[in-house]
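All chains are named by letter (A, B, ...) in the order of the sequence lines, taking the proteins before the strands, and each is independently numbered beginning at 1. For clarity, every value in this text was computed on a predicted model and none was experimentally measured.
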4 protein chains.
Amino acid sequence: MARSRSEQAAWRREQLLDAALRVFADKGVDGATVKDVAQAAGVTPGLLYRYFDSKEAMVETLLSERGFLPRLRELGELRHDDRPATEVLTGLLEAFDRLLADNAELMAVFFSAAQARAPLAGLVGQGQRLIGDFLAERVAAGELRPHDTATAARTLFAAVAVNRRLGTPIDVSALVGLLFPEEG
Amino acid sequence: MARSRSEQAAWRREQLLDAALRVFADKGVDGATVKDVAQAAGVTPGLLYRYFDSKEAMVETLLSERGFLPRLRELGELRHDDRPATEVLTGLLEAFDRLLADNAELMAVFFSAAQARAPLAGLVGQGQRLIGDFLAERVAAGELRPHDTATAARTLFAAVAVNRRLGTPIDVSALVGLLFPEEG
Amino acid sequence: MARSRSEQAAWRREQLLDAALRVFADKGVDGATVKDVAQAAGVTPGLLYRYFDSKEAMVETLLSERGFLPRLRELGELRHDDRPATEVLTGLLEAFDRLLADNAELMAVFFSAAQARAPLAGLVGQGQRLIGDFLAERVAAGELRPHDTATAARTLFAAVAVNRRLGTPIDVSALVGLLFPEEG
Amino acid sequence: MARSRSEQAAWRREQLLDAALRVFADKGVDGATVKDVAQAAGVTPGLLYRYFDSKEAMVETLLSERGFLPRLRELGELRHDDRPATEVLTGLLEAFDRLLADNAELMAVFFSAAQARAPLAGLVGQGQRLIGDFLAERVAAGELRPHDTATAARTLFAAVAVNRRLGTPIDVSALVGLLFPEEG
DNA sequence: CATGAATGAGAATTCATTCAT
DNA sequence: TATGAATGAATTCTCATTCAT
């Protein structure tokens, strides 16, 4: 059952990224040492440099390859639906909440790495736009009452994100019911 | 205009904390060096150790002496009012938003320092409780429609905080109008 | 002629201890810097920390691994003999003198390191006991005149040790002849 | 009862030397900081530099001004006596032992300071000569049996010094009785 | 592929010393 | 005289990175 050369290499690369993600999330990028990552992966520090150019390159790789912007975009494509707006919205927010939960460690890296600020803002912007567009659509369709859809999107998104980050996840149905009581 | 010895010492201490706050917010606690702080303060690194035992002690001092929990609590005491609920709520949230804006750098330290997680959670909890209590009061008084006041508080608080943190402050009136359209 | 990895590591460790012993003996433990030791060993200071946890750990290692108490104890076992007492005594003291000569640098460390005081006292006590027991034995056997064997042991031991330490080694035969003129 | 200017200065100088002696003996010259000395004297570090040029100068001053070579020399002058040799010898050694006891701290400095080696050797040499001369005199006078007076002097001196230094002072009468049993 | 010895740059911290007050 | 703020040079120690094996 020997892995082929390139399979082995790919596997090792992922294993190192896994370890890095865990360690960076735990100690912060600056607080973690290359040795910490190597130990977490069960290898020696030198090996990391066969797979990555530098510690910083590891962070960048994590941010680009493990970023969940792609999965966030996928969510956006599922929104055209004939189900009631509040139902779709609840589904969207729940999926988003799950996405954050699944990527808690990556979020921690986003928050700790100085260079990670920009991607984070991009992520949030993307999420807000997604939800904002959906709300505007359904307002236009007369299904939702007219309201400040941009502010609503930012609010919904923030409520889910902050509480997930703080380890106190919010009840999404209650949240949607709060903003759109009539439609519940 | 010579400062007395003890005045000078107190002034220098504050100056060093100012510099530390700026630098830590900019580079993260781990990313910033003692030399960075000293340079920002225009002194040599050794001097920091006349005023603080260690770099870590500087962080702790910032968190305890410059924390804004006290100011947050003051806000809570202003809430009993005969003005309409939405007006009071808007005022509260705006004051809170301003508080965060005034302490943007400290917030950054809160987010970067590992040891700062707990205080941050406390801060958020405090803010949510403050707003939740107010909403419950006004619902009980029949002024606001019955709703999930805890979720509402978490939502309002999160919306203000996240957007301030991301540098995209939210329009508080619009936010309040979103949750309480009828009362506007 | 390449050394294997682990051979090289063991060799390097000893080499570093050698260098440390020389440097500590020369400048005193507090007076010597880690850089001094590294330079004496022809390596960079960082390397020392692959082999020892701290400068203090180096001193402790020297004291425990290079201590000559074991060799002193061996001497004690050689004393049961059918040769004349003064001959055996001379042999013992000469062996002891050689031991001190061989370990002059370690002695210097013993004298300079604060934490080394206790082991030093132990060493001296051990040597005095060794000689005292031997003298008592031979007095009991009627070979040596009755005398204060404990004081004699302390005296002989001190005479050898002090003069070796001061770089003016004493003539052991003359020393023994001084205390036991009749038996010569 | 105010002290005059120069009296005050002289007093302070001595006080600082006292403190330095205590601290250096305790922690070793290298291990003690100027701040340590200042604290022990109840003043601030800056003041030391009004009285001494440097930390090293303090050590040198201690060694030269507080050295007990002068008192040792005085002992030498008391030796011409018409009392029996062993009695005089016992008196001399006891005086010497007391001298060492009185100057235990200075001895510690002698042993710890690198630069202090030479004075120490001088001190020992002086003591040995003193006793050696006395012994030779009394041998010449036919009072003591002919023997290796130089070795005897070194032995007597070493026995007293080492045991005093180790905190296990020797019984001087027993010591003299050991070398000159017939004369006791 | 994998190791771990070795380096060099720099981190936090200490401390003798100076100097304005 | 005495203080203590301030400095600058070291000191101990860490760590990302390289490289021979």
Side-chain angles (χ1 to χ4, degrees), chain A residues 3 5-6 8-9 12 30-38 41-58, chain B residues 2-6 8-9 11-13 30-38 41-58, chain C residues 2-6 8-9 11-13 30-38 41-58, chain D residues 3 5-6 8-9 12 30-38 41-58:
Chain A
R3 263 185 285 263
R5 280 284 175 77
S6 70
Q8 155 71 10
R12 169 79 1 132
D30 283 322
T33 71
V34 169
K35 198 178 164 200
D36 288 336
V37 174
V43 300
T44 49
L47 187 60
L48 297 186
Y49 290 85
R50 260 191 184 278
Y51 292 87
F52 305 96
D53 282 346
S54 66
K55 182 184 174 185
E56 205 192 317
M58 297 192 78
Chain B
R3 262 184 287 263
S4 82
R5 274 277 173 84
S6 70
Q8 157 72 10
W11 173 84
R12 173 60 30 113
R13 200 185 119 98
D30 282 322
T33 70
V34 170
K35 199 177 166 198
D36 288 336
V37 174
V43 300
T44 48
L47 187 61
L48 298 186
Y49 291 86
R50 272 197 73 75
Y51 292 88
F52 305 96
D53 283 345
S54 64
K55 182 184 172 185
E56 203 191 319
M58 296 193 77
Chain C
R3 263 184 285 264
S4 81
R5 274 277 175 84
S6 70
Q8 157 72 10
W11 173 84
R12 174 64 20 117
R13 200 184 119 98
D30 282 324
T33 70
V34 170
K35 199 177 164 197
D36 288 336
V37 175
V43 299
T44 47
L47 187 61
L48 298 186
Y49 292 88
R50 271 195 74 73
Y51 292 87
F52 306 97
D53 282 346
S54 64
K55 183 185 170 183
E56 202 190 320
M58 296 192 78
Chain D
R3 264 184 285 262
R5 280 283 175 80
S6 68
Q8 154 72 12
R12 170 78 2 131
D30 283 322
T33 70
V34 170
K35 198 177 166 199
D36 288 336
V37 174
V43 301
T44 48
L47 187 59
L48 297 186
Y49 290 85
R50 259 190 185 280
Y51 293 88
F52 306 95
D53 282 345
S54 64
K55 182 186 175 184
E56 204 191 318
M58 297 192 79

Q. Does a side-chain N or O from C/Gln8 land closer than 4.0 Å to OP1 or OP2 of E/dT3, or not?
A. no
Contacts of B/Ala41 meeting side-chain contact (heavy atoms from CB on, under 4.5 Å) (sequence neighbours excluded), chain-then-number -> B/Gln15, B/Leu16, B/Ala19, B/Val43
Against the side chain of C/Ala9, the closest entry in E/dA6, E/dT7, E/dA5 is E/dA5
Closest heavy-atom pair, D/Thr44 versus D/Ala38, reported as atoms and distance to 0.1 Å, is C-CB, 3.7 Å
Taken in chain and number order and not counting sequence neighbours, the residues that satisfy side-chain hydrogen bond (donor to acceptor under 3.5 Å, both in side chains) with D/Arg50 are none
Any side-chain heavy-atom pair of D/Leu47 and D/Arg12 under 4.5 Å
yes
In whole angstroms, the gap separating P of F/dC13 from CG of C/Leu48 amounts to 10 Å
Rounded to whole Å, the CE-P distance (B/Met58 to E/dT13) equals 11 Å
For D/Thr33, the side-chain hydrogen bond (donor to acceptor under 3.5 Å, both in side chains) test, sequence neighbours excluded, returns D/Asp36
*Please state whether the phosphate of F/dA2, meaning OP1 or OP2, lies under 4.0 angstrom from any side-chain nitrogen or oxygen of D/Tyr51.*
yes
Protein heavy-atom contacts under 4.0 Å, written 5' to 3' over nucleotides 15-20 of chain F as B (base), S (sugar-phosphate only) or - (none), form the string SSBB-B
Tightest non-hydrogen contact, residues B/Lys55 and B/Ala32, listed as NZ-O, 2.8 Å
The answer to which of C/Gly42 and A/Thr44 contacts DNA chain E further toward the 5' end, by nearest nucleotide, is A/Thr44
Parsed dot-bracket for DNA chain F after applying the Watson-Crick and G-U rules with both distances under 3.5 Å and | for other-strand partners is .||||||||||||||||||||
Out of E/dC1, F/dT3, F/dA5, minimum distance to the side chain of D/Val43 belongs to F/dT3
